[in-house]
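Convention: sequence-line order gives letters A, B, ...; per-chain numbering from 1. Quick note: numbers below take in every heavy atom, side chains included, and nothing from hydrogens, waters or symmetry partners.
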Number of protein chains: 2
Amino acid sequence: MAQAQTLSRNQQIVLDIIEKAKGPLKAYSILFNVQKKGINAPQQIYRALDKLIEMGKIHKIESKNAFVACRSSDCEISKATAFSICESCEMVDEISDTKLSKYLSGFNHKKGMKFKRFNLEFFGICKKCKKD
Amino acid sequence: MAQAQTLSRNQQIVLDIIEKAKGPLKAYSILFNVQKKGINAPQQIYRALDKLIEMGKIHKIESKNAFVACRSSDCEISKATAFSICESCEMVDEISDTKLSKYLSGFNHKKGMKFKRFNLEFFGICKKCKKD
DNA sequence: TAACGTTTGTTATAATATAACATATTTGAG
DNA sequence: CTCAAATATGTTATATTATAACAAACGTTA
Ligand SMILES: [Zn+2]
Ligand SMILES: [Zn+2]
Ligand SMILES: [Zn+2]
Ligand SMILES: [Zn+2]
């Protein structure tokens with residue numbers, strides 16, 4: 001189980017950067033952004049990322065190998081995540097839709113497998129990019 | 001648009017290996033398995049994989065960076081994919097559920113984004129692993 | 001045949017992620 | 001408080017995944 005709230009120094013640094021970002025961040029771009037703060041090695045980034053994911057503070061966008069802050073608060077500690085992803089500008093938006101979440105959480109596999117977690121990624125072109 | 005059916009030599013070699021496999025295969029493990037057939041470089045594998053994905057013959061399991069053959073035939077050329085993944089034995093099963101697929105294909109984002117494609121990955125422990 | 005698109009081969013390198021080990025810091029039971 | 005356990009850090013090296021760039025061969029089809 002993850003600790004309640006207190007973040008360690010590196011975890012806080014990494015979380016701050018991800019929360020401030022307008023879009024998903026990649027691990028090495030985080031690394032380059034924090035080298036002035038004394039973090040020098042990928043391990044330090046990946047360890048912080050792992051913990052932040054466990055705590056539900058951030059999510060990994062699997063199709064992009066990138067990380068976003070959780071804005072949703074009801075995504076049940078990363079057990080039920082859904083995102084919309086613009087294929088043009090790379091924008092990622094966390095989808096917080098109770099109906100969708102319930103539908104998928106209740107979905108049962110024909111072959112009897114009980115699911116503990118899911119991740120859903122939608123792709124398209126966002127409104128902003130359509131105008132261009 | 002992808003070509004109708006004819007696969008090139010390398011594409012066929014790669015597809016054969018993926019279809020024969022019991023589970024998802026990683027690009028470099030495919031590479032090691034085909035070196036006897038004269039394929040020597042990652043590029044050759046990745047190029048074949050890209051084309052096979054376009055044609056809907058295989059899918060990429062994003063959370064595992066691995067590839068499986070399509071068994072479903074109605075997954076609309078990789079525009080609507082869903083998988084169940086065992087976190088213990090790494091087994092991957094393509095979910096072919098019309099209701100689920102329709103529900104998600106019809107899902108519309110509150111912010112007006114129209115989706116062209118989705119990928120859904122469920123995680124749990126499969127029946128076989130539960131027995132152990 | 002000539003032109004075009006597609007596939008192949010090849011070398012090099014970029015980007016993403018983990019292993020392994022030594023230290024330091026925090027936490028909590030006794 | 002005090003010591004032991006758990007957690008976090010720093011660091012070097014390496015593994016894994018993926019793409020860039022360029023030259024040559026092949027397969028259309030006009
Ligand atoms: Zn969330
Ligand atoms: Zn966009
Ligand atoms: Zn399929
Ligand atoms: Zn299993």
**With A27(B) via side-chain contact (heavy atoms from CB on, under 4.5 Å) - residues at least two apart** =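 If we apply the side-chain contact (heavy atoms from CB on, under 4.5 Å) test to A27(B), skipping adjacent residues, the hits are I45(B), Y46(B), L49(B), F67(B).
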**Message:** For a quick check under 3.5 Å, do D97(B) and H109(A) share a side-chain donor-acceptor pair by atom type?
**Reply:**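 Per modelled atom types, D97(B) and H109(A) side chains form no pair under 3.5 Å.
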**Message:** Can you see whether D16(B) engages Q12(B) through a side-chain donor-acceptor pair at a distance of less than 3.5 angstrom?
**Reply:** yes
Would a 4.5 Å heavy-atom cut-off, applied to side chains only, mark [X] and [Y] as touching?
X       : Y       : answer
I58(B)  : V68(B)  : no
M113(B) : I125(A) : no
L52(A)  : L7(A)   : yes
S105(B) : K79(B)  : no

Atom-to-atom span, [atom1] of [X] to [atom2] of [N] - whole angstrom:
X      : N       : atom1 : atom2 : answer
Q11(B) : dC26(D) : CD    : P     : 16 Å
N65(B) : dA15(C) : CG    : P     : 17 Å
Q12(A) : dA8(D)  : CD    : P     : 13 Å
Y46(B) : dT13(C) : OH    : P     : 19 Å
E62(A) : dA17(C) : CD    : C1'   : 13 Å
E54(B) : dT6(C)  : CD    : C1'   : 12 Å
D50(A) : dT7(D)  : CG    : P     : 14 Å

Distances under 3.5 Å between nitrogen or oxygen atoms of protein and nucleotides 27-30 of chain D:
none

**Prompt:** E54(B) side chain to K51(B) main-chain N or O, any donor-acceptor pair under 3.5 Å?
**Reply:** no
**Request:** Take L100(A) and F107(B) through the side chain to side chain contact (heavy atoms under 4.5 Å, CB included) test and state the conclusion after the steps.
**Result:** CA-CA 9 Å; L100(A) 173 66; F107(B) 182 83; 3.7 Å; yes
**Request:** Compare the minimum distances between each of dT9(D), dA17(C), dA18(D) and the side chain of N10(A), then state the nucleotide with the smallest one.
**Result:** dT9(D)
**Prompt:** Who pairs with Y103(A) by ring-ring contact (aromatic ring centres under 6.0 Å, His included), at least two apart in sequence or on another chain?
**Reply:**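 Y103(A): ring-ring contact (aromatic ring centres under 6.0 Å, His included) contacts with Y103(B).
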Side chains of residues 114-121 of chain A: which donor-acceptor pairs under 3.5 Å do they make with residues two or more places apart or in other chains?
from    : atom 1 : to      : atom 2 : distance (Å)
K116(A) : NZ     : E87(B)  : OE1    : 3.4
R117(A) : NH2    : E87(B)  : OE2    : 3.4
N119(A) : OD1    : T81(A)  : OG1    : 2.7
N119(A) : ND2    : E121(A) : OE2    : 3.0
E121(A) : OE1    : S63(A)  : N      : 3.3
E121(A) : OE1    : S63(A)  : OG     : 2.6
E121(A) : OE2    : E62(A)  : N      : 2.9

**Message:** Taking 4.0 Å as the cut-off, does a side-chain nitrogen or oxygen of S8(B) come that near to OP1 or OP2 on dT6(C)?
**Reply:**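 Checking dT6(C) against S8(B), no side-chain N or O comes under 4.0 Å of OP1 or OP2.
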**Prompt:** Any side-chain N or O of R9(B) less than 4.0 Å from the OP1 or OP2 oxygen of dT6(C)?
**Reply:**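 Negative; the distance criterion is not met.
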**Request:** Using a heavy-atom cut-off of under 4.0 Å over every strand shown, decide if K64(B) touches base, sugar-phosphate, or nothing.
**Result:**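 No contact at all - K64(B) keeps every heavy atom at 4.0 Å or more from the nucleic acid.
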**Request:** Could you check which residues of residues 19-45 of chain B get a heavy atom under 4.0 Å from DNA chain C? Sort them by number, please.
**Result:**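 Contacts with DNA chain C under 4.0 Å: N40(B), A41(B), Q43(B), Q44(B).
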Please write out each protein N/O paired with an N/O of nucleotides 22-27 of chain C under 3.5 Å, distance rounded to 0.1 Å.
none

